[in-house]
There are 2 protein chains.
Amino acid sequence: MEFTEAKQKFIQSWGALGSQWGINKTMAQIHAFLMISPESVSMEEIMDELKISRGNASMNLRALIDWGIVYKDYKQGERREFFYSEKDLDELAVKIAKERTKREIKPALKILKEVSAISAEKTQKEIHFKEQTCKLYKFVSKADNALEKITEYNDNWLGKLLKKLFR
Amino acid sequence: MEFTEAKQKFIQSWGALGSQWGINKTMAQIHAFLMISPESVSMEEIMDELKISRGNASMNLRALIDWGIVYKDYKQGERREFFYSEKDLDELAVKIAKERTKREIKPALKILKEVSAISAEKTQKEIHFKEQTCKLYKFVSKADNALEKITEYNDNWLGKLLKKLFR
DNA sequence: TTGAATTTTCAAAAATAATTGAAAGTTTAA
DNA sequence: TTAAACTTTCAATTATTTTTGAAAATTCAA
């Protein structure tokens with residue numbers, strides 16, 4: 001395979017993968033493009049490369065910045081903004097994990113805490129509901145703790161995790 | 001909060017959560033409903049509870065069965081099929097992890113292996129592309145291994161993981 | 001200040017995904 | 001067999017999400 005083809009394939013596949021993960025395709029593609037760009041790139045260049053509109057580029061770049069995985073770069077004597085991505089994969093994964101925790105796990109815990117608090121006196125259905133939601137609450141809390149602990153390692157967390165797992 | 005309200009809230013929230021995860025809302029809601037049902041339930045009952053069509057119920061139940069987290073139950077003297085969910089959370093998480101690995105991580109690894117194999121001789125761009133995709137390949141492989149190791153524990157993997165993390 | 005360069009916003013359009021419902025298919029009791 | 005009970009399929013519809021593009025906003029050099 002030759003460079004241009006490989007680049008296309010990488011960007012397209014990353015976009016498709018993103019969709020499966022509930023991340024919009026363009027956002028994932030922009031991220032993929034920035035990941036393989038050695039220099040920071042202008043919005044214009046992103047629009048050209050991915051054949052997307054200015055509005056689309058602007059909105060998805062902002063989303064990536066909100067996630068904390070893309071940064072703005074101001075170049076000497078250039079009015080335009082340039083963008084570059086977090087390239088350290090440990091750091092990238094930690095940021096994504098933290099953001100997803102904030103957006104998904106914490107709200108889920110809140111709901112589970114609320115609904116599992118009902119007083120289940122009467123029916124089998126009520127008792128089972130309380131049981132299951134309590135279990136879920138405990139399970140998700142544990143998972144949340146585990147994630148927090150892992151991302152605390154910060155430097156080379158995946159390597160450290162593997163070591164722990166294999167001994 | 002009272003039972004019916006809590007039940008609604010749980011099912012609705014689980015559905016919304018599912019959407020964020022690239023899982024269709026109805027599929028997540030059916031799963032939520034089955035999780036809190038002490039007995040296996042008929043398609044009819046699911047349609048009633050969630051106010052969805054027969055086709056929708058049928059298709060999403062099949063998807064849940066394909067994921068290996070919902071089972072069919074054949075009751076003595078009943079022609080209809082009944083459904084129940086995997087209620088053991090360790091088991092549930094392992095099945096989801098394995099399925100997502102198969103559907104997402106493995107294909108990603110395949111792509112990364114392919115595109116990182118280009119011979120990057122000339123430009124800075126090519127060299128950086130190869131570097132980044134190789135790093136990604138290694139990283140995702142490691143993560144895949146870690147997941148596999150963890151899910152191998154099978155019984156109480158989350159508890160075991162936490163112990164390892166905290167010592 | 002002004003105005004050209006650049007980015008952001010957002011209503012409308014386009015694309016994608018989910019849902020319905022009725023017809024076709026399957027199963028089983030009689 | 002038959003036919004009633006039940007499930008699946010899928011084309012058409014509906015809902016949701018994404019994308020566009022032009023107007024509004026912002027920034028900054030002159």
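Residue numbers begin at 1 in each chain, while the letters A, B, ... track the order of the sequences.
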#### Entry: Whole-Å gap separating C1' (D/dT7) and CZ (B/R54)
8 Å
### Query
What's the OH-P distance between B/Y74 and C/dT27, to the nearest Å?
9 Å
## Note on the structure
Against the side chain of B/M59, the closest entry in C/dT19, D/dT19, C/dT8 is C/dT19
### Message
Without decimals, in angstroms, what is the distance between B/N56 CG and D/dT9 P?
### Response
14 Å
### Task
Could you tell me the separation between the CD atom of B/E78 and the C1' atom of C/dT28, rounded to a whole number of Å?
13 Å
### Query
To the nearest Å, how far apart are B/E44 CD and D/dT7 C1'?
11 Å
### Query
Is the phosphate of C/dT19, meaning OP1 or OP2, less than 4.0 Å from a side-chain N or O of B/T26?
yes
#### Entry: Contact nearer the 5' end of DNA chain C, comparing A/F82 with A/K25
A/F82
### Task
Name the residue closer to the 5' end of DNA chain D, choosing between A/G55 and A/I23 according to the nucleotide with the nearest heavy atom.
A/I23
### Message
Strictly below 4.0 Å, N to O, side chains only: are B/E49 and B/K7 in salt-bridge contact?
### Response
yes
### Query
Just how far, in rounded Å, is C1' of C/dT8 from CD1 of A/I46?
15 Å
### Message
Whether A/R79 contacts C/dA4 is assessed here as follows: a side-chain N or O lying under 4.0 Å from the phosphate OP1 or OP2. Is that the case?
### Response
no
### Message
Please determine whether any donor N or O and acceptor N or O are separated by less than 3.5 Å between the side chain of A/R80 and the base of C/dT6.
### Response
no
#### Entry: Donor-acceptor contact present, side-chain A/S58 to main-chain A/R54, <3.5 Å
no
### Message
Please determine whether a side-chain nitrogen of the Lys or Arg among A/K130 and A/E126 lies less than 4.0 Å from a carboxylate oxygen of the Asp or Glu.
### Response
no
### Message
Among C/dT9, C/dT20, D/dT19, which nucleotide has an atom closest to any side-chain atom of A/S58?
### Response
C/dT9
### Query
Would a distance-only check, ignoring hydrogens and angles, find a side-chain to backbone donor-acceptor pair under 3.5 Å from B/N56 to B/I52?
no
### Query
Any side-chain N or O of B/R62 less than 4.0 Å from the OP1 or OP2 oxygen of D/dT9?
yes
### Query
Under 3.5 Å, is there a donor-acceptor pair between the side chain of A/K160 and the main chain of A/D155?
yes
### Task
Calculate the interatomic distance between B/E81 atom CD and D/dC6 atom P; express it in whole Å.
11 Å
### Length of the NZ-P vector between A/K72 and C/dT6, whole Å
14 Å
### Message
Using OP1 and OP2 only, check whether a side-chain N or O of B/N24 sits under 4.0 Å from C/dT19.
### Response
yes
